[in-house]
Amino acid sequence: MPTRLVEIHPPLVNASGIFSYLDVFIRLEREGVCLGGFVTKSIGPAERSGNDNPVVFDTGYGLLNSLALPTPPLEQWLAEFEGADLEKPVIVSIFGFSADDFADLVNRLDRYALAFELNLSCPNVQPGEQSLMGMLAESPDQVGQVVAAVRGATDKPIIAKLSPNTDYLATAQAACQAGADYLACSNSLGPGLAIDPGLSCTVLPGGTGGLTGPPLKPISLAMVYKLYDLLPLPIIAYGGVQCWQDAVDYFLAGASIVGLGTCFARKSTAEVVGLTWDIWRGVLEYLDGRSLSEIIGAGHVH
Amino acid sequence: MPTRLVEIHPPLVNASGIFSYLDVFIRLEREGVCLGGFVTKSIGPAERSGNDNPVVFDTGYGLLNSLALPTPPLEQWLAEFEGADLEKPVIVSIFGFSADDFADLVNRLDRYALAFELNLSCPNVQPGEQSLMGMLAESPDQVGQVVAAVRGATDKPIIAKLSPNTDYLATAQAACQAGADYLACSNSLGPGLAIDPGLSCTVLPGGTGGLTGPPLKPISLAMVYKLYDLLPLPIIAYGGVQCWQDAVDYFLAGASIVGLGTCFARKSTAEVVGLTWDIWRGVLEYLDGRSLSEIIGAGHVH
Amino acid sequence: MAVPCPRLSGRAMYTDVTVVENRAESETVSSLFFDRRFKARAGQFLMLWLPGVGEKPYSLSYANGITVKKVGPFSNALASVKSGTRLAVRGPLGKGFSQMPGRVLLIGGGCGMAPLRLLAQQVEEPLILLGGKTADDILFLKEFQGRGEVKITTEDGSTGKKGLITELLPERADYAALCGPEPMMAASLKLLSQERTKVFVALERYMKCAMGLCGACTCSGYRVCVDGPVFSAATLIDMRDFGWRRRAKSGRFEPVSGGVSCF
Amino acid sequence: MAVPCPRLSGRAMYTDVTVVENRAESETVSSLFFDRRFKARAGQFLMLWLPGVGEKPYSLSYANGITVKKVGPFSNALASVKSGTRLAVRGPLGKGFSQMPGRVLLIGGGCGMAPLRLLAQQVEEPLILLGGKTADDILFLKEFQGRGEVKITTEDGSTGKKGLITELLPERADYAALCGPEPMMAASLKLLSQERTKVFVALERYMKCAMGLCGACTCSGYRVCVDGPVFSAATLIDMRDFGWRRRAKSGRFEPVSGGVSCF
Ligand SMILES: Cc1cc2nc3c(=O)[nH]c(=O)nc-3n(C[C@H](O)[C@H](O)[C@H](O)COP(=O)(O)OP(=O)(O)OC[C@H]3O[C@@H](n4cnc5c(N)ncnc54)[C@H](O)[C@@H]3O)c2cc1C
Ligand SMILES: Cc1cc2nc3c(=O)[nH]c(=O)nc-3n(C[C@H](O)[C@H](O)[C@H](O)COP(=O)(O)OP(=O)(O)OC[C@H]3O[C@@H](n4cnc5c(N)ncnc54)[C@H](O)[C@@H]3O)c2cc1C
Ligand SMILES: Cc1cc2nc3c(=O)[nH]c(=O)nc-3n(C[C@H](O)[C@H](O)[C@H](O)COP(=O)(O)O)c2cc1C
Ligand SMILES: Cc1cc2nc3c(=O)[nH]c(=O)nc-3n(C[C@H](O)[C@H](O)[C@H](O)COP(=O)(O)O)c2cc1C
Ligand code: FES
Ligand code: FES
């Protein structure tokens, strides 16, 4: 068991890049959302616009996105954190282009974070860039350096967010050795491509985008299951959760916390709130009086 | 343009492992299926039972399978080919555990094949095995050796079937250099895992299975698109085709032939025949008099 | 009740059922009853999954039950589950028997009596012919007698007429349904189809995906899991393999009479 | 017609439309008409995608059309598409205006007149107040006059009363709908809500996903693309950012009056 625990009750959060901003979290908290905490969009070292629209494409079975990490200036983030009237804890997701970037961000944001989630694995890029996935998740060495730099800068829990498209066992091991407290599985899949047959051209800027939603679920579930066996770190599961059964699957595979993203597509604030309650109530009914810890990893029958 | 062309009209086939046997192909041909040819299940060097049931799991959005390459004895395959009263051409899919295995199979099966599809990329295993994906698709070197061995054994077109889970650009390049005539994108994704919350255990033998159907579509489409730009080889597209729009997407991305697999789930012979016609008629309406070659790759607007 | 999952609506892979009774029908045959009734036509089947053991097809013999003959590892494990056990099942799968208005002949042997039992509930006053090696093979006798006239043959004469079921044929009928060992069905079919009878036959083949994809269950190109397991005589004419051979787990052909048959 | 795709049924991302007319409404404003009518409530919008240029939200001004003011690169490109051009659109998206039985006041400024034009068709005998800098800003005048009484203000007095639209307030009404520059709407709201009028306001924010996921379009935590763009006065009370600030493409805050506004 790690010394640094992420205390989140209920153990449900939004996924990074979903809802993104503190004002949306405050709104959802006021309306009674059933999440134990929130995860910010990935905050970067400098203002970025991200890609031009269209940045999402619904395949009918999952979502492709190529937001490519838009982020307001860090000063604005700090002001927003200062002014935020929020009771639930916030996991701060960060990204950068070097270990120093990550460490600097942690220094500036430390007092606002319950924990830091390191985005090591976004497959999306603005034109001409290399992706975080390419720079970091594909290289256990790089991942080790980033985590070590962050470890040096904070005592808060560190969550290493992995990619399903790389050798995640190696990345996870590197993150673990460098001092990560949690693993997060997973960032988006692929990337994939969308074409509009009517206009006969690709849809997303640069053609491709990360795939999320139901297609990711079995892949991410396999990651959680394998990493639970391999490493002693607790796991936050992301990927295709739509209903309580999906959340239960992740707990059985070994996740301690489950994150929700694409399932909120097209949902108003009231509908978002309703869905979180449906999911958590379903989990409670499944537990039928047992504690959650009894089912975490219970799908590992050998 | 390759010297060795796979002539298939209409340019639709079943995917390997779907329907699998010659007697099913004969039945579908008699009933008027709208496929230009058939692809056998992957034929191996020796009889194999594959995994114990359950070998499939429907996630509700895609299919996990872990058949793990069952194959009757080669002698039976030869007898079945001899006796087969089939008009449409057959692409023979083969697999082996060494370059020699592949070459031997080609020697024995050469006279029955329109072309050979090399399964370099199946992620499924019987307990204790290494997967074809792990042995071959993850190593461009190995892929080069297998393709070269097959090239030495036949003048028939060689199709290298790639994995979406590995560095497919490198694999494709190795296959191309070693003399492959076609690329096939792609074999199944992941693998992914399925858990039964009711019984609190994993479903598939060994836990994981390759993911096919709609989740694979955007990933495989990205592969086709990128490989079309990178290499001069024509492409056979597999992955998540459910309707004519999906087939059109693949043609626009650069595929010359499109394969159908998971879309046939739960369909009777008559329904399979109907679906193939729906897909091909949709493509023809989309073409609206143009020839297919006009749209192959036409989604590449720069 | 928890909100059902949109992902699973109408396409859940498994239904969890609890065994509420395990009833011995004979020395080697048991029926399992579930806490759930299935809306099914006779001839349709369930895939029953025993974690760690396997997953195999069984015909519904009751709206809420199946009947299993102990012949190998899976069927022995299945026949010995205790009441209270939770099982995961897929189905009902496949095409069952059609409506059969008119005079119906039901012809059953071995575990074929399982789907026939359910079918007997779904047709009016059938004439029922049952055959077995010995008295112990004749299942559900009371229930069949409650539905129509029953005639029996056994090879050892321990009950009914001594001999083969084919000796009771031809009986005149508008429809006939055959469930049993394939050689018996093939022989009966030959005798029957010369008469003006619409004949339906329930086949068994080794099943893997049970969703029409893998081809494992092919009988002369028909995928038994989706095109069958019930076929009309008109289709059977086209099926060379019927009564002749089937594919084993690897896809290897074996004679239908070979192996440890459950009949 | 080709069989529709099960994958796409009810959840296709884009609808392809063809522009059948590009009508100049003024020097800087054009309406595009499509070969397809949308079932929509006034206030709902389409995401319009111009490959290589971008994708932006536009309110339906007609059941089969939108109205665009040329203010920047995208709107200029859009306003210059020729009839016959094929476009891909998403929508109608968002929450439009509710039913408004009773006396309705429509208050519009700038491109806000676009959704208001459609709304004027959906309510009975509205009283319509239109404001602009100059006569050229007053759109759809004939069509508004065909639906109810119209009062106009312009800042330069080139048509209607010289002054601001707020000077025509308070008008008594059961409902009021406001579409226009945010400072104008904020000022009007203050005057109106003291009366017993149910007020609805249509907001604009920078949109990326337009499906409620990314948060780009937030106004004080409400995601305008799914919770709006139409909000009731009751909700607006809770929205500090209304009339104050909005997020730009990066998420950076900017004043609502800043930048090249389309109003
Ligand atoms: C549509 C269908 C309905 C069936 N209904 C019943 C039923 O109501 N009652 C019943 O007792 N049995 C039924 N069976 C047979 C059952 O599925 C098992 O095959 C049987 O119980 C033997 O399994 P085992 O592992 O115990 O024996 P094994 O040692 O595996 O096999 C014994 C014999 O059964 C055959 N067999 C094995 N597995 C399968 C399979 N998955 N499908 C078809 N044949 C197989 C083998 O070829 C062998 O000859 C049905 C089969 C099918 C295809
Ligand atoms: C719900 C909604 C409905 C709209 N309806 C109409 C309409 O009916 N007619 C019309 O002409 N315009 C409408 N707009 C505004 C339109 O989407 C564009 O913003 C506008 O055309 C300017 O785009 P541009 O690229 O030409 O100018 P730019 O140079 O990009 O921007 C000009 C100004 O518009 C703002 N803006 C840019 N992009 C967006 C965006 N995606 N969403 C919101 N604001 C943006 C900028 O902050 C800037 O102040 C609507 C916006 C929203 C959110
Ligand atoms: C629109 C969108 C934006 C995202 N932005 C981020 C991001 O900024 N940082 C990050 O680590 N992951 C980001 N992701 C990935 C999600 O956090 C999550 O890992 C993924 O969507 C899988 O979960 P889901 O299937 O429930 O959506 C984004 C996903 C989407 C759909
Ligand atoms: C049940 C099943 C069995 C398969 N068996 C094989 C196989 O033997 N050899 C092979 O190359 N691919 C095999 N595949 C992969 C398919 O050929 C195909 O690449 C994949 O299913 C993607 O296409 P789809 O999404 O249309 O199903 C199998 C797939 C399924 C679902
Ligand atoms: S069992 Fe796979 S096709 Fe019938
Ligand atoms: S534009 Fe993404 S949430 Fe509204």
Side-chain angles (χ1 to χ4, degrees), chain B residues 14-15 17-31 40-41 46-61 63-65 67 70-73 76-77 79-80 194 196-203 205 212 261-272, chain C residues 5-18 47-57 73-74 85-88 90 93-95 206-223 225-228 235 238-241 247-254:
Chain B
N14 66 298
I18 308 299
F19 305 143
S20 302
Y21 296 111
L22 297 171
D23 55 347
V24 185
F25 303 161
I26 294 167
R27 173 62 45 205
L28 290 168
E29 179 171 291
R30 296 247 167 97
E31 305 293 331
T40 65
K41 93 197 294 358
E47 184 179 8
R48 274 168 71 92
S49 292
N51 273 328
D52 287 342
N53 281 359
V55 286
V56 291
F57 184 82
D58 185 347
T59 71
Y61 282 83
L63 190 78
L64 294 170
N65 91 77
L67 269 291
T71 181
Q76 179 178 317
W77 275 110
E80 289 193 58
D196 186 89
L199 302 177
S200 180
C201 63
T202 59
V203 179
T212 63
T262 305
C263 63
F264 294 128
R266 303 190 184 84
K267 293 210 157 34
S268 68
T269 296
E271 289 165 341
V272 165
Chain C
C5 182
R7 171 170 68 89
L8 300 173
S9 68
R11 36 183 181 172
M13 181 76 176
Y14 286 106
T15 311
D16 288 343
V17 298
T18 302
M47 290 296 282
L48 267 126
W49 172 34
L50 293 178
V53 187
E55 188 204 33
K56 294 209 165 180
F74 188 88
T85 306
R86 287 176 77 182
L87 297 177
R90 294 197 262 159
L93 301 172
K95 297 208 166 34
Y206 196 94
M207 286 184 188
K208 295 196 167 202
C209 73
M211 51 170 70
L213 289 177
C214 72
C217 65
T218 168
C219 180
S220 293
Y222 288 99
R223 287 157 297 139
C225 65
V226 286
D227 290 323
T235 306
D238 232 17
M239 291 163 77
R240 258 196 343 159
D241 290 354
R247 290 184 190 270
K249 194 177 177 189
S250 68
R252 185 176 31 77
F253 281 121
E254 59 181 25

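This one's a predicted model, so the numbers in the text were calculated from it and none came from an experiment. FYI, side chains are in, hydrogens and waters are out, and symmetry mates aren't considered; it's all heavy atoms of this structure.
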Just so I know, are the side chains of T218(C) and R27(B) near enough to count as touching, which here means a heavy-atom distance under 4.5 Å? no

Sequence-distant partners of D196(B), salt bridge (Lys or Arg N to Asp or Glu O under 4.0 Å), two or more places apart: none

Return the minimal non-hydrogen interatomic distance between L199(B) and R86(C), and the atom names on each side. CD2-O, 3.6 Å

Measure distances from D241(C) to the heavy atoms of chain B and classify the residue's part below 4.5 Å as side chain, backbone, both or neither. side chain

Region of P54(B) that comes under 4.5 Å of a non-hydrogen atom in chain C: both

Is any side-chain heavy atom of L213(C) closer than 4.5 Å to one of N65(B)? no

SB check K95(C) E271(B) (cutoff 4.0 Å): no

Residues P72(B) and R252(C): closest non-hydrogen pair is CB-N, 3.8 Å

Between Q76(B) and F253(C), the two heavy atoms sitting closest are OE1-N, 2.8 Å

Non-hydrogen atoms of T202(B) and W49(C) that approach each other most closely: O-CZ2, 3.6 Å

Okay, A216(C) and chain B: the region with an atom under 4.5 Å from a heavy atom over there is backbone

Atom group of M47(C) that falls short of 4.5 Å from chain B, counting heavy atoms: side chain

By salt bridge (Lys or Arg N to Asp or Glu O under 4.0 Å), which residues pair with E29(B), not counting sequence neighbours? none

Taking side chain as everything from C-beta outward and backbone as N, CA, C, O, which of these in L22(B) sits under 4.5 Å from a heavy atom of chain C? Side chain, backbone, both or neither. neither

Y14(C) and V203(B), any side-chain heavy atoms less than 4.5 Å apart: yes

Validation row: D23(B), R247(C) side chains within 4.5 angstrom (heavy atoms): yes

At their closest point, which heavy atom of T269(B) faces which heavy atom of R223(C), and how far apart are they? N-NH2, 3.2 Å

With a 4.5 angstrom heavy-atom cut-off, is it the side chain or the backbone of L67(B) that approaches chain C, or both, or neither? side chain

Contacting region of V272(B) [heavy-atom separation from chain C under 4.5 Å]: side chain

Which atom of S20(B) lies closest to which atom of C214(C), heavy atoms considered: OG-O, 2.6 Å

Among L63(B), D52(B), T262(B), which has the most heavy-atom pairs under 4.5 Å with chain C? D52(B)

So what's closer than 4.5 Å to chain C heavy atoms on N14(B): side chain, backbone, both or neither? neither

State, yes or no, whether a side-chain contact exists between V56(B) and R90(C) at a heavy-atom distance under 4.5 Å. yes

